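Worksheet for the structure shown next.
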Amino acid sequence: MDLDDVLWDDGLAQAALVRAGEVTARELVEGAIERIERVDALLNAVVTPLFTQALRAAQDGDLAATPFAGVPMLLKDHLATYGGARHTSGSIFLRNNVAKSDSELVTRFKRAGMIPVGLTNTCELALLSTSEPALHGATLNPWSLTHSTGGSSGGSAAAVAAGLVAFAHGNDSAGSLRIPASCCGIFGLKPSRGRVSPGPRGDIAPGIWSEHVMTRSVRDCAAVLDATAGALPHDQYSRPRPARAFQDSAGADPGRLRIAVSDRPLQGGEVDAECVRAVWETAELCAELGHEIVEAAPVVDGAALEADFFALYTVAAAARIAEWVEWMGREPDPAELEPLTWAVREAGLRHSAVDHVVTVQRLQRAARDIVAFFDTVDVWLTPTLAEPPAPLGYFDPSPLDPLATLDLDARFSPFTWVANVTGQPGMSVPLAWNDDGLPIGSHFLARLGAERVLFGLAAQLEQARPWAHRRPPVSAGSPAATAATNC
């Protein structure tokens, strides 16, 4: 059996081979390590290897009884923690921080048989739609080494796209799973609010954060959610487990869906012609699959909604830094936070507790208006991003006004954060590539708790227009990666 072909399989296929005795967990882990050591010299996706721990875990005799028996994967270096490993959130301030224990999500990953082989790069505090922190340097897009991976889960997205692992963890407060999935040509889904527990740390922003993975196959995404979904006691939000497994939805007919399509953000703004073309081609494909297509969007004050969301975003960032200060036992020096992070922290601190509560109330009212739109449609389709993947350095902050970078980010990614306001599940599906060979995702939003609808639709799209066979120029087995090893 060709191990290289096996490692390009999705996680469920790899696990089936382990259970059948055709490959061992150790062989999978060793293969993933070899790929990381070879290909990541070009990408800079993995910032903290866990190779020794992974090889030890691969000897676990109970792995064969798990759904992802011995499948190697990667963890984003933000929020989810691996006990005993360095945990930096992309910040110089946390460069020597070591996690004391596994977070609940990592415990569930391990319980399902997955083996973390490293931690992946992210921008500082996961604040931007890129992965270019001062601490670790930029992660490069495997489709073009001069372009960003998107972010903030960009290291994970690059690793999956390049074939280092079948899937990798990320988290999402404004699109940080779906943005890099779009930029790297893979599948990314943000689950419903409360679907996956944030424990034991809890949620410092009212429900905008979600944890999950990015994958090459729809069924992997669904099966990982089956393995990780569920609340802990005292979680602020929770969702009941569905009667049927999410994985079953990835092979089930979702029925004839009424899909609303729009190519303009709620708050206004320009959208690149290639992204517009891609979303309407996706709408045509959905129509060919038998779904009803209407041109429509929720009616809300998008500009006011965006302003309130990013006010909440700065408060959440300031609160996260306060948590870091408690961990480290000291305040950061100015040189230990990037200028944008420092400016965002200061902006968040300027909001009073009363301001914060009023902002949350306004967001909740707007979320009800958006959710009401789904009384008449099943799914809302938009571009994932307003532009193709951005060049490296696109999000570098201005020394005179670092916060202006957030405005630039909002123009680049004006669609995804709406799902974080409402708590609805959203997904980016890799259905288009532009003339420069860069991926362009299509974004789908469904009713709260309706991941099953998204998985069913995504599986239809995956079958009609497959993407897993596409290999970026820099990937496992590519001439560029081989040349880098030989050098």
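Fair warning: this is a prediction, and the values are worked out from it, not measured in the lab.
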> Atom CG in Leu385, atom NE2 in His443: separation rounded to 0.5 Å?
Replying inline: 9.5 Å
> If every non-hydrogen atom of Met427 is compared with every non-hydrogen atom of Leu454, which pair is closest and at what distance?
Replying inline: CE-O, 3.4 Å
> So, does Thr146 use its side chain to make a donor-acceptor pair with the main chain of Pro391 at under 3.5 Å?
Replying inline: no
>> I need the minimum non-hydrogen distance between Ala166 and Gly11, along with the two atoms involved.
In response: CB-N, 3.6 Å
> Think Arg216 forms a cation-pi with Trp467, using NZ or CZ under 6.0 Å from the six-ring centre and within 45 degrees of its axis?
Replying inline: no
> How about Glu132 and Tyr394: does a side-chain donor come under 3.5 Å of a side-chain acceptor?
Replying inline: no
>> Please check this pair: side chain of Asn141 against backbone of His147, looking for a donor-acceptor N/O pair closer than 3.5 Å.
In response: no
> Do Phe412 and Phe395 have ring centres separated by under 6.0 Å?
Replying inline: yes
> Side chains of Asn420 and Ser173: do they bring a donor and an acceptor to under 3.5 Å?
Replying inline: no
> So Thr88 and Asp77, side-chain hydrogen bond (donor to acceptor under 3.5 Å, both in side chains) or not? Walk me through it.
Replying inline: CA-CA 6 Å; Thr88 72; Asp77 186 17; 2.4 Å; yes
>> Taking the side chain as everything from C-beta on, heavy atoms only, tell me whether Pro397 gets closer than 4.5 Å to Trp342.
In response: no
>> Could you check whether any side-chain heavy atom of Cys221 comes within less than 4.5 Å of a side-chain heavy atom of Phe455, counting everything from C-beta outward?
In response: yes
> Ion pair present between Glu323 and Arg201, side-chain N to carboxylate O less than 4.0 angstrom?
Replying inline: yes
> Is it true that Phe167 and Phe109 have ring centroids separated by less than 6.0 Å?
Replying inline: no
> What do the steps show when you test Asp10 against Ser217 for side-chain hydrogen bond (donor to acceptor under 3.5 Å, both in side chains), and what is the final call?
Replying inline: CA-CA 6 Å; Asp10 70 1; Ser217 74; 2.9 Å; yes
> Excluding sequence neighbours, so at least two apart, what forms side chain to side chain contact (heavy atoms under 4.5 Å, CB included) with Pro339?
Replying inline: Pro402
>> Donor-acceptor pair, distance only, cut-off 3.5 Å: does the side chain of Asp172 make one with the backbone of Ser210?
In response: no
> Has the side chain of Thr384 got a donor or acceptor atom that lies under 3.5 Å from a matching backbone atom of Gly441?
Replying inline: yes
> Only one of Ser152, Ser131, Ser156, Ser176 clears side chain to side chain donor-acceptor pair (under 3.5 Å) with Lys76; which?
Replying inline: Ser152
> Rounded to the nearest 0.5 Å, how far does OG1 of Thr422 lie from CD1 of Ile208?
Replying inline: 12.0 Å
> Do Asp226 and Gln247 have a side chain donor and acceptor closer than 3.5 Å?
Replying inline: no
>> Run the side-chain hydrogen bond (donor to acceptor under 3.5 Å, both in side chains) test on Thr139 and Asn44 for me, step by step, so that the C-alpha distance in whole Å, both residues' side-chain angles and the decisive distance to 0.1 Å come before the verdict.
In response: CA-CA 5 Å; Thr139 297; Asn44 190 38; 4.6 Å; no
> Below 6.0 angstrom between ring centroids: does that apply to Trp324 and His87?
Replying inline: no
> Is any side-chain heavy atom of Cys183 closer than 4.5 Å to a side-chain heavy atom of Trp143?
Replying inline: no
>> Check this for me: does any side-chain nitrogen of one of Glu336 and Arg330 sit under 4.0 Å from a carboxylate oxygen of the other?
In response: yes
> How about Phe68 and Met73: do any of their side-chain heavy atoms sit closer than 4.5 Å?
Replying inline: no
>> For Ala231 versus Ser238, what's the shortest heavy-atom pair and its separation?
In response: CB-CB, 3.4 Å
> What is the distance from atom OG1 of Thr120 to atom CG of Leu74, rounded to the nearest 0.5 Å?
Replying inline: 6.5 Å
> Does NE2 in His469 sit with more than 12 non-hydrogen atoms of other residues, nucleotides or ligands closer than 6.0 Å?
Replying inline: yes
> Testing Ser89, Ser91, Ser153 for side chain to side chain donor-acceptor pair (under 3.5 Å) with His78, which one passes?
Replying inline: Ser89
> At what distance, to the nearest 0.5 angstrom, does CG of Leu457 lie from CD of Glu462?
Replying inline: 11.5 Å
>> Nearest 0.5 angstrom please: Arg411 CZ to Leu406 CG, how far?
In response: 11.0 Å
> If we only count heavy atoms from C-beta on, is the Val117 to Val29 side-chain gap below 4.5 Å?
Replying inline: yes
> Asn434 versus Pro388: any side-chain heavy-atom pair under 4.5 Å?
Replying inline: yes
>> Is the terminal nitrogen or CZ of Arg471 (NZ for Lys, CZ for Arg) located under 6.0 angstrom from the six-membered ring centre of Trp8 and within 45° of that ring's axis?
In response: yes
> Is a salt bridge present between Arg345 and Glu331, judged by a nitrogen-to-oxygen distance below 4.0 Å?
Replying inline: yes
> Backbone N or O of Ala335 within a donor-acceptor pair of the Asp333 side chain at under 3.5 Å?
Replying inline: no
>> Using modelled atom types and a 3.5 Å cut-off, is there a donor and acceptor pairing between side-chain atoms of Arg193 and backbone atoms of Gly207?
In response: yes
> Please walk me through it: do Leu225 and Val196 pass side-chain contact (heavy atoms from CB on, under 4.5 Å)?
Replying inline: CA-CA 8 Å; Leu225 193 57; Val196 178; 3.7 Å; yes
>> For Arg195 versus Pro240, what's the shortest heavy-atom pair and its separation?
In response: NH1-O, 2.9 Å
>> Which heavy atom of Arg244 sits nearest to which heavy atom of Ala252, and what is that distance?
In response: NH2-CB, 4.1 Å
>> Can you see whether Tyr82 has Lys110 sitting over its ring - NZ or CZ less than 6.0 Å from the centre and within 45° of the normal?
In response: yes
> Is a side-chain donor or acceptor of Gln424 paired with a backbone partner of Ser192 at a separation under 3.5 angstrom?
Replying inline: no
> Do the side-chain N and O atoms of Lys190 and Thr416 include a donor-acceptor pair separated by under 3.5 angstrom?
Replying inline: no
>> I'd like to know if the side chain of Arg108 pairs up with that of Thr228 as donor and acceptor (distance under 3.5 Å, no hydrogens or angles considered).
In response: no
>> Between Arg452 and Ser249, is there a side-chain donor-acceptor contact under 3.5 Å, judged purely by atom types and distance?
In response: yes
> Just checking, is any N or O donor in the side chain of Asp9 or Gln14 under 3.5 Å from an acceptor N or O on the other one?
Replying inline: no
>> For a quick test of reading the model, state the closest non-hydrogen atom pair linking Leu128 to Cys123 and the distance between them.
In response: N-SG, 3.2 Å
>> Closer than 4.0 angstrom, basic N to acidic O: yes or no for Asp4 and Arg35?
In response: yes
>> Please report the interatomic distance CD(Glu387) to CG(Leu438), rounded to the nearest 0.5 Å.
In response: 12.0 Å
> Could you go step by step and tell me if Ser197 and Glu104 meet the side-chain hydrogen bond (donor to acceptor under 3.5 Å, both in side chains) rule?
Replying inline: CA-CA 7 Å; Ser197 174; Glu104 176 64 18; over 6 Å; no
>> Measuring only between side-chain heavy atoms, which start at C-beta, is Val160 closer than 4.5 Å to Val165?
In response: yes
>> Under a 3.5 Å distance rule, please check whether Asp235 uses its side chain to pair with a backbone N or O of Leu232 as donor and acceptor.
In response: yes
> So, do Gln460 and Asp253 sit near enough that their side-chain heavy atoms are less than 4.5 Å apart?
Replying inline: yes
> Sub-3.5 Å donor-acceptor pair from the side chain of Asn121 to the main-chain atoms of Gly137, do we have one?
Replying inline: yes
> Is a side-chain N or O of Ser148 found less than 3.5 angstrom from the main chain of Thr130, in a donor-acceptor match?
Replying inline: no
